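Note that the numbering runs from 1 along the sequence shown for the chain. Keep in mind the model is a prediction, meaning the values are calculated, not measured. Heavy-atom basis, side chains included; hydrogens, waters and symmetry copies ignored.
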Amino acid sequence: MKGISVGIRGVGSYVPERRLTNQDLERMVDTNDEWIVTRTGIRERRIAAPDEATSDLALKASVRALEAAGLAADELDLIVVATITPDMFFPSTACLLQDRLGARKAAAYDLSAACSGFIYALANAAGLIASGMYRNALVVGAECLSRITDYSDRNTCILFGDGAGAVVLGPVPEGRGFRSFVLGADGSGGDLLKVAGGGSRLPPTADTVAQRRHFIEMNGREVFKFAVRVMGNAAEEALEKAGLGKADVDLLIPHQANIRIIQSALERLGLPQEKCVVNLDRYGNVSAASIPLALAEAVEDGRVREGDRLLMVGFGGGLTWGASVLVW
């Protein structure tokens, strides 16, 4: 990126305490542990407590990220929350978070790009810092997908969980920070992954509730084909824009949707398993929270060292995709 070098100065994450295992799901729908693990790689996922909303998860992850960055909330200029499960239509979850953090000087807004949302939000905030408009930004991916998951649908209820990941962005020394961003969308595939009810097209009625239109609907086969194609394409494009090759990647942090999609990306990039962060076995697909949650765990586990070249890549409903190369 031109102008000021922008990077990540602190990370934080939070997941709810409750675990929903494959064995639990066996008692709810016609499925089994072997089938789920073989096709997705997921063994359990976290579920928010009844009194936990997306802003609650975001708050806990954000406090940890600010502590890691050594930054006070009132030093933030900007808060961007990537989510498809906001507390409410408006005010934004970012505004609720701003108030609870005490970040009184920060502009705040939500961004909706489904599972690509965190990469979109990173690009957005990093660009504003690089321009000189802001100095310190908090970018959060947070979801309560359990609230929009149909637990009578065996094809989707096995996939999704709840959680949050947060990062603090700011100026970093030259040679560090974000080297490239790639963002893309194909709205013609919007029907493949959606929650149709609740908006201006299908406002809430007794009929939309009865027809279960307020839950996730997905064409799994088509989304899988799209994901396999776009993950590799976006990753290669981001590396090319950064002036790097596949062999230069120290760590791949992919969206955690399906182990077969991740394995396909590894093969395309010629990377070994040990150069990839995988935690979907414990958390499932957490949409916009997926990549920051994986990043935070990798940092906390000591898998990320200064100077490492990280490749983050994701895809989601919209259809959308995003990738970024970052020098830590």
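- At least one donor-acceptor pair closer than 3.5 Å links the side chain of Asn32 to the backbone N or O of Glu34.
- With contacts defined as side-chain heavy-atom distances shorter than 4.5 Å, the pair Pro16/Ile47 does not qualify.
- No side-chain heavy atom of Leu252 sits less than 4.5 Å from a side-chain heavy atom of Gln273.
- Between Cys144 and Ala48, the shortest heavy-atom contact is SG-CB, 3.9 Å.
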Evaluation steps, side chain to side chain contact (heavy atoms under 4.5 Å, CB included), between Asp191 and Glu217: CA-CA 8 Å; Asp191 276 346; Glu217 302 173 40; over 6 Å; no
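- Cluster annotation: Leu326 and Leu122 are assigned to the same hydrophobic cluster (Ile/Leu/Val/Met/Phe/Trp/Tyr, side-chain heavy-atom contacts under 4.5 Å, transitive).
- For Phe118 against Ala288, the heavy-atom pair with the smallest separation is CB-O, 3.4 Å.
- At least one donor-acceptor pair under 3.5 Å links the side chain of Arg154 to the backbone N or O of Asp30.
- Side-chain atoms of Arg9 never come within 3.5 Å of backbone atoms of Gly170 as a donor-acceptor pair (strictly under, hydrogens ignored).
- Hydrophobic clustering (side-chain heavy atoms under 4.5 Å, transitive across Ile, Leu, Val, Met, Phe, Trp, Tyr) groups Tyr151 together with Ile42.
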Worked verdict on Met218 versus Leu159 for side chain to side chain contact (heavy atoms under 4.5 Å, CB included): CA-CA 11 Å; Met218 182 176 72; Leu159 300 174; 3.3 Å; yes
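- A salt bridge links Glu236 and Lys246; the closest N-O separation between the charged side-chain nitrogens and carboxylate oxygens is under 4.0 Å.
- In terms of modelled atom types and a separation under 3.5 Å, the side chain of Ser116 and the main chain of Thr320 share a donor-acceptor contact.
- For the atom pair CD1 of Ile148 and OG1 of Thr156, the computed distance is 10.0 Å after rounding to the nearest 0.5 Å.
- By the criterion of side-chain heavy atoms lying less than 4.5 angstrom apart, applied directly or through intervening Ile, Leu, Val, Met, Phe, Trp or Tyr residues, Tyr120 is grouped together with Leu128 in one hydrophobic cluster.
- Here the side chain of Thr54 pairs no donor or acceptor atom with the backbone of Pro86 at under 3.5 angstrom.
- Annotation for Ala166 and Val140: closest pair CB-CG2, 4.0 Å, computed over non-hydrogen atoms.
- Leu169 has its side chain within reach of Ile8: a pair of non-hydrogen atoms, C-beta onward, lies under 4.5 Å apart.
- Although no hydrogens or angles enter the test, the distance criterion places a donor-acceptor pair under 3.5 Å between the side chain of Ser62 and the main chain of Ala58.
- No chain of hydrophobic side-chain contacts below 4.5 Å, direct or via other Ile, Leu, Val, Met, Phe, Trp or Tyr residues, connects Val37 to Ile262.
- The closest side-chain heavy-atom distance from Tyr109 to Val80 is below 4.5 Å.
- Side-chain N or O atoms of Ser13 include none that pairs as donor or acceptor with a backbone N or O of Ala296 at under 3.5 Å.
- Residues Leu57 and Ala164 approach most closely at O-CB, 3.4 Å, considering heavy atoms.
- In this structure, CG on Asp110 lies 4.5 Å from OG1 on Thr93, to the nearest 0.5 angstrom.
- Using a 4.5 Å heavy-atom threshold, the side chains of Val249 and Lys275 count as separate.
- Closest non-hydrogen pair, Ser92 versus Ala108, comes out as OG-O, 4.2 Å.
- Atom CG of residue Leu244 and atom CG of residue Leu311 lie 9.5 Å apart, to the nearest 0.5 angstrom.
- You'll find the side chain of Ser5 stays beyond 4.5 Å of the side chain of Arg176, heavy atoms only.
- Trp328 and Leu239 are not part of a single hydrophobic cluster, where members link through side-chain heavy atoms under 4.5 Å apart.
- For Asp162 and Arg46, the salt-bridge test fails: no basic side-chain N is under 4.0 Å from an acidic carboxylate O.
- Side-chain atoms of Asp74 never come within 3.5 Å of backbone atoms of Gly102 as a donor-acceptor pair (strictly under, hydrogens ignored).
- At a threshold of 4.5 Å between non-hydrogen side-chain atoms, the residues Val15 and Arg282 do not count as touching.
- For the residue pair Thr85 and Glu143, a side-chain donor N or O sits within less than 3.5 Å of a side-chain acceptor on the partner.
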Test side chain to side chain contact (heavy atoms under 4.5 Å, CB included) applied to Ile79 and Leu101, step by step: CA-CA 11 Å; Ile79 298 172; Leu101 283 172; 4.3 Å; yes
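- The distance from atom CZ of Arg18 to atom CD of Glu44, rounded to the nearest 0.5 Å, is 12.0 Å.
- Looking only at side-chain heavy atoms (C-beta outward), Leu25 and Arg45 come within less than 4.5 Å of each other.
- Residues Thr149 and Ile216 share a closest heavy-atom pair of OG1-CD1, 4.1 Å.
- A donor-acceptor pair under 3.5 Å is formed between the side chain of Gln256 and the backbone N or O of Val277.
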Side chain to side chain donor-acceptor pair (under 3.5 Å) assessment of Arg268 paired with Asn233: CA-CA 9 Å; Arg268 174 96 171 251; Asn233 290 349; 2.4 Å; yes
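- One finds the OG atom of Ser324 at 5.5 Å from the CD1 atom of Ile119 (value rounded to the nearest 0.5 Å).
- Side chain of Asn285 to backbone of Phe160: no donor-acceptor contact under 3.5 angstrom is found.
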Stepwise side chain to side chain contact (heavy atoms under 4.5 Å, CB included) test for Trp321 and Asp186: CA-CA 9 Å; Trp321 60 89; Asp186 178 5; 4.0 Å; yes
Salt bridge (Lys or Arg N to Asp or Glu O under 4.0 Å) between Arg100 and Asp56, worked out: CA-CA 9 Å; Arg100 295 178 68 183; Asp56 298 307; 2.7 Å; yes
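- Only one option out of Leu295, Leu293, Val168 pairs with Val11 in a side-chain contact (heavy atoms from CB on, under 4.5 Å); it is Leu295.
- A salt bridge does not link Arg64 with Glu300: none of the charged nitrogens is closer than 4.0 Å to a carboxylate oxygen.
- Counting non-hydrogen atoms of neighbouring residues, nucleotides and ligands closer than 6.0 angstrom, the CD atom of Glu26 exceeds 12 such neighbours.
- Rounding to the nearest 0.5 Å places CZ of Arg43 at 15.0 Å from OH of Tyr283.
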